[in-house]
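Below is one structure; the comments refer to it alone.
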Amino acid sequence: MKGNKMFKASIAAAMTVSMVGLQAPLAAEAAEGDFDLTIMHTNDTHANLENAPKRATLVKQLRAANPNSLLLDAGDVFSGSLYFNLFEGMADLELMNYMGYDAMTFGNHEFDLGSSEFGHQSLADFVTNAEFPFVSSNVDFSGDPLFTDLQKNVYTADFGKGEIYDGIIKTINGEKVGIFGLTTEETAQISSPDAIEFTNYLAAAEEAVAAFEAEGVNKIIALTHIGYNDSAQFDNDRLLAEGVAGIDVIVGGHTHTALTEGQVINNGGEPVVIVQTGQYNSNLGQLDVTFNAEGVITSTVGETHPVTLHKVSDAAVDTEAAALLAPFKAEVDEVKNESAGAYTEVFLNGGRNEGGVRTSETNLGNVITDGMLNAAKQIDPDTVIALQNGGGIRSSIDVGEITIGEVLTVMPFGNSLAIMDLTGAELKTALEHSVKEFPKESGGFLHVAGMEFSFDPSQPVGSRVTSANLISEDGVRTKIENTTRYKVATNTFTAAGGDGYKVFADVYADGRVSEPGTIDYEMFIDYISELEVISPMLENRINPTIPFKDINMKDWEYPYVKDLYYRGIMNGTELDTFSPDQNLTRWQAVTILTRIPGLIDEEMVIEDSPFTDISHLPQVRQDEIHAAYAAGLIQGASATKFNPNANISRKHFALLINRVFENINGDFEYDENAPYKDTAKLTAEEQEAVTMLYYHSIATGYNGNFMPSKNATRAEAAKMFSLFMPYTAQ
């Protein structure tokens, strides 16, 4: 994907923001009646405020360069960092008011606090104190008295700050621009809106367009939090653009998509431009459009429209904005650096995408559920299983001392403990729902403790789970029976049916859920602080079927092979054979490297490498070697020889992994070499590589030795690469 490049320096140079680099409106020669508009936009910032003063600088610069401008936010300001945990939106609002936002719509995470003690009070306060209006045409707040005086169900040019409108009409340099908002209907399942309701997005959009056109408005912006290409079961921007005539621009959010080009949908012969900036305050979007007198965009040709994603971190700090943030930052820094009383010897994987918490078992998911089960057993000793939705795990934790700040970033929602009384059949129904999207990401993907289950992704949805076993504290496995009752711990969000768990919602309605009230991050901290040092691993708790007949779940390499197979990183030597004890060849090592998503720059000019001994390989293998050489990841055995079929030693495999690590994460810094007894004669680069693997628990050696000259087997390579993959997240 463009934008996730290995060569940071060149990308940073290309994206550096200066007054010279700010994009001017596209139309060089505006026709009479044409209107140029610059739309600055953000989405899914999730309380990532460290660089907000830099965003303020960009906003000021763009406004100065483009007088006809708007600043819009497409939702999900709430939830995601300590700034939200401590201030529940008010820190973000201080900066948004300063930057002068023109309008915002609501994301699903704006409703996360609905089931808390004070309900949506923080959201109501956020709206009330905003110095800009909110637009929301398909959200009905009437069921919550906190919003009685805040929602105005009108489309109007007579709008005020701190209120919610179906849509507003802004007059910019004499031209009327209509802006309306949409929030995904899926919010009812993935957040906690309680009495707040959501209506169909297409019907709401049609009503909005009609209302604006009745007021003579022919330039219409949909400010949406429904996702660029999210599931059609609910809603998405592409379907909106295709399904509702009259919309000109869709400023979107929800899927965290960084659209480096505006996507153009043709609706009845007129273009609709869709934009989205990514996530976490990484970019400020800039879309420059020209409308003709009829309100049709004339500045686009074909299926894309030029946009600029200004990299926020490259901008200068706005000193006034920094001063506004300072008191909030001081409190965050104080909490952030407090120790949680534990040290992790391994990277705790809470990431997204392949191998992440929404598709796979991860070591962080395991320790979270272990902590939940431990806490639940103290309350109800009959509890035997714990479940954690992957969407409730928001970040990873680095090797080292675990801080309170890291824990609260991982679990920012403050979900409380629930203990369900389930039949085995109900539990299996939930497991089927957990894996129904696999291998696609799902926030409802369940991590488990006290049990294991296997599933076959090739089977139809609803018939994928092939086995489910209870695992006792002493490791005894017992088949989960349909008619047996089990006490199962989870969070109240999931227990009440969040993420579409209707089976749990039915159990909740049936009165078979107790709510002791213990908070998720408190359970986690209590658990890890008792252990003091943790090093959780993959344990085959969740097992999608793999085709290899020469390894099974009892083999030590199984979880790592499974992980890499479903990441698309490592296949077998044949369709049904992995050959774990076979030595890894040099060309196989290169193939593994080049399959890391985003590692090879798509725009890099790749010339043939100087190696004369690879022509017998399939063209795709030759291309991988050329690309890895151009990227600086590999060297030859000599100036012209690569020796592709030679076995690769453990020290050379370590070198390859370390080069990738440093290309993605920067230089590895350390004080002492790894304490192996047999590495003193290695080169400095080899020592560094072996040490990196040691300190990140990617490779731990054998009885105090690393065995650097020993050939790396395919099983060893799978383990090292599986443990390394979380460090490749871009």
Side-chain angles (χ1 to χ4, degrees), residues 44 46 76 79-80 107-109 112 184-192 225-236 253-257 279 349-362 364-366 368-369 386-396 410-411 413 415 426-448 451 453-466 468 488 490-491 493-505 538 541-545 562-563 565-568 597 726 729:
D44 298 281
H46 285 292
D76 272 8
S79 297
N108 53 289
H109 283 287
D112 283 344
T184 177
E185 283 187 81
E186 195 179 7
T187 300
Q189 295 186 15
I190 61 177
S191 189
S192 302
H225 197 88
I226 61 177
Y228 169 63
N229 54 358
D230 206 16
S231 172
Q233 176 185 353
F234 291 98
D235 36 42
N236 70 50
H254 188 49
T255 45
H256 297 209
T257 309
Q279 61 185 2
N349 180 13
R352 297 279 297 265
N353 302 315
E354 293 85 355
V357 292
R358 297 182 181 224
T359 57
S360 305
E361 173 190 351
T362 75
L364 180 54
N366 287 349
I368 288 173
T369 50
L387 308 173
Q388 167 68 47
N389 62 315
I393 304 173
R394 308 300 290 189
S395 183
S396 301
V410 169
M411 291 172 279
F413 307 128
N415 285 319
E426 289 168 334
L427 177 58
K428 291 177 183 178
T429 297
L431 296 178
E432 290 285 2
H433 184 78
S434 170
V435 300
K436 71 183 182 69
E437 298 290 340
F438 187 89
K440 294 181 180 178
E441 286 191 298
S442 169
F445 185 89
L446 292 176
H447 298 260
V448 302
M451 68 165 294
F453 72 99
S454 299
F455 65 99
D456 185 349
S458 68
Q459 294 303 305
V461 168
S463 301
R464 291 183 163 186
V465 175
T466 55
V488 179
T490 188
N491 56 64
F493 168 78
T494 303
D499 286 323
Y501 279 98
K502 183 180 183 300
V503 61
F504 291 159
L538 300 181
R541 298 184 187 186
I542 306 168
N543 297 292
T545 301
K562 173 188 66 179
D563 178 43
Y565 177 77
Y566 277 105
R567 289 179 186 265

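Here, residue 1 is the first one in the sequence, and each next residue gets the next number. Excluded from the calculations below are hydrogen atoms, water molecules and symmetry mates; all remaining heavy atoms, backbone and side chain alike, are included.
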Minimum heavy-atom distance [X]-[Y], with the two atoms named:
X	Y	result
P457	P544	CG-CB, 4.1 Å
Q189	F493	O-CZ, 3.3 Å
F445	V357	CD2-O, 3.7 Å
N366	T369	O-OG1, 3.0 Å
G351	S396	N-OG, 3.3 Å
L446	S434	N-OG, 2.8 Å

Quick one: does any side-chain atom of [X] pair with a main-chain N or O of [Y] as donor and acceptor, under 3.5 Å?
X	Y	answer
T466	D456	no
H46	S79	yes
N236	N229	no
H447	L364	no
T545	F455	yes
D235	E185	yes
S191	D112	yes
T359	E354	no
K562	I542	yes
T490	L387	yes

Looking only at side-chain N and O atoms, does H225 offer a donor or acceptor that is under 3.5 Å from a partner on N108?
yes
With side-chain contact (heavy atoms from CB on, under 4.5 Å) as the criterion, how do H109 and D76 come out once you've worked through the C-alpha distance, each side chain's angles and the decisive distance to 0.1 Å?
CA-CA 5 Å; H109 283 287; D76 272 8; 3.1 Å; yes
So F413 and N491, do their side chains get closer than 4.5 Å, heavy atoms only?
no
Any chance you could measure [X], atom [atom1], to [Y], atom [atom2], to the nearest 0.5 Å?
X	Y	atom1	atom2	result
D563	E361	CG	CD	9.0 Å
Q233	E186	CD	CD	7.5 Å
D499	N389	CG	CG	5.0 Å
S360	L538	OG	CG	8.5 Å
H254	T184	NE2	OG1	4.5 Å

Applying salt bridge (Lys or Arg N to Asp or Glu O under 4.0 Å), can you list everything that pairs with [X], at least two apart in sequence or on another chain?
X	result
R352	E441
E432	none
D44	none

